[in-house]
Amino acid sequence: MAEFESRGVDMNLDFESLFRQALKNWPNKIDLSTLQYATLDIESYTIKGLGKISNEIKDKCVGTKMEVITRTLQGALYSVIHATAKTVLKLECSSIRPS
């Protein structure tokens, strides 16, 4: 299994390791209760503060050896968290499955 170093942290290139490492950058709990600009059917909406959290996390990856992989995985986590807001008011990030 290939290993890479990103800002002094050894990272395995297996999905489980990448996922666990990416999840560590997110807050333990995220408040999803404030939907902004939501349509009546909740098909389109934003979550207050979620974009800022996501951008701050992704910005930390810029310039690292694992930038492309890490930013892509962070974007996927954002999408999962965003979609969860349709039905959940608060999310514990440790409850997100890697699969």
Side-chain angles (χ1 to χ4, degrees):
M1 187 174 319
E3 291 187 14
F4 288 85
E5 188 172 304
S6 177
R7 293 192 185 197
V9 177
D10 287 331
M11 293 183 71
N12 292 319
L13 262 186
D14 70 276
F15 183 77
E16 294 284 330
S17 295
L18 291 170
F19 179 81
R20 281 192 305 272
Q21 188 65 33
L23 207 52
K24 287 180 184 179
N25 293 303
W26 287 86
N28 293 331
K29 294 181 181 180
I30 299 177
D31 181 3
L32 303 174
S33 63
T34 307
L35 299 183
Q36 298 178 313
Y37 312 111
T39 58
L40 292 176
D41 58 2
I42 310 180
E43 287 303 313
S44 179
Y45 57 91
T46 61
I47 298 110
K48 184 177 181 181
L50 186 62
K52 182 179 179 190
I53 293 169
S54 176
N55 288 337
E56 288 173 357
I57 291 168
K58 288 192 286 186
D59 288 349
K60 291 178 185 177
C61 304
V62 174
T64 65
K65 292 178 183 179
M66 298 286 289
E67 179 178 352
V68 173
I69 292 171
T70 306
R71 285 178 60 94
T72 301
L73 187 51
Q74 294 298 351
L77 282 169
Y78 168 83
S79 295
V80 167
I81 294 167
H82 185 272
T84 301
K86 278 187 176 184
T87 57
V88 174
L89 298 175
K90 293 182 192 235
L91 174 69
E92 286 190 35
C93 287
S94 61
S95 64
I96 300 173
R97 293 181 214 203
S99 56

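All values below were derived from every heavy atom in this structure, side-chain atoms included, with hydrogens, water molecules and symmetry-related copies excluded.
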Report yes if some heavy atom in the side chain of [X] is under 4.5 Å from a heavy atom in the side chain of [Y]; otherwise report no.
X	Y	result
Ile53	Tyr78	no
Lys48	Leu32	no
Asn28	Glu92	no

query = Same cluster or not: are Ile96 and Leu50 linked, directly or through other Ile, Leu, Val, Met, Phe, Trp or Tyr residues, by side-chain heavy atoms under 4.5 angstrom apart?
reply =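 Linked, Ile96 and Leu50 end up in one cluster.
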inquiry  = Applying side chain to side chain contact (heavy atoms under 4.5 Å, CB included) to Leu35 and Ile47, what does each step give before you reach the verdict?
reply    = CA-CA 5 Å; Leu35 299 183; Ile47 298 110; 3.7 Å; yes
key: Pairing residues for Ser33 by the side-chain hydrogen bond (donor to acceptor under 3.5 Å, both in side chains) criterion, not counting sequence neighbours   =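 For Ser33, the residues satisfying side-chain hydrogen bond (donor to acceptor under 3.5 Å, both in side chains) (neighbours in sequence not counted) are Asp31.
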Roughly how far, to the nearest 0.5 Å, is [atom2] of [Y] from [atom1] of [X]?
X	Y	atom1	atom2	value
Lys29	Ser94	NZ	OG	9.0 Å
Ile69	Cys61	CD1	SG	11.0 Å
Lys24	Ile57	NZ	CD1	14.0 Å
Ile30	Cys93	CD1	SG	3.5 Å

inquiry  = Ignoring hydrogens, what is the shortest heavy-atom contact between Thr84 and Val80? Give both atom names and the distance.
reply    =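 Answer, listing the atom of Thr84 first, then Val80: OG1-O, 2.7 Å.
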message = For Lys58 versus Gly75, what's the shortest heavy-atom pair and its separation?
response =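 Answer, listing the atom of Lys58 first, then Gly75: CD-N, 4.2 Å.
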query = Leu73: what forms a side chain to side chain contact (heavy atoms under 4.5 Å, CB included) with it, not counting sequence neighbours?
reply =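 Side chain to side chain contact (heavy atoms under 4.5 Å, CB included) list for Leu73, sorted by chain: Phe15, Leu18, Ala22.
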query = Would one find more than 12 heavy atoms of other residues, nucleotides or ligands at under 6.0 Å from atom NZ of Lys86?
reply =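 Count over threshold, so yes.
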Criterion side chain to side chain contact (heavy atoms under 4.5 Å, CB included) on Thr64 and Glu67, from CA distance to verdict = CA-CA 5 Å; Thr64 65; Glu67 179 178 352; 3.9 Å; yes
request  = Using modelled atom types only, decide if a donor and an acceptor are shared between the side chain of Gln74 and the backbone of Thr70 within a distance under 3.5 Å.
outcome  =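 Not confirmed, Gln74 side chain does not pair with Thr70 backbone.
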inquiry  = Test your reading of the model: is there a side-chain donor-acceptor pair from His82 to the backbone of Tyr45, 3.5 Å cut-off?
reply    =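 The answer is yes, because a donor-acceptor pair under 3.5 Å joins these two groups.
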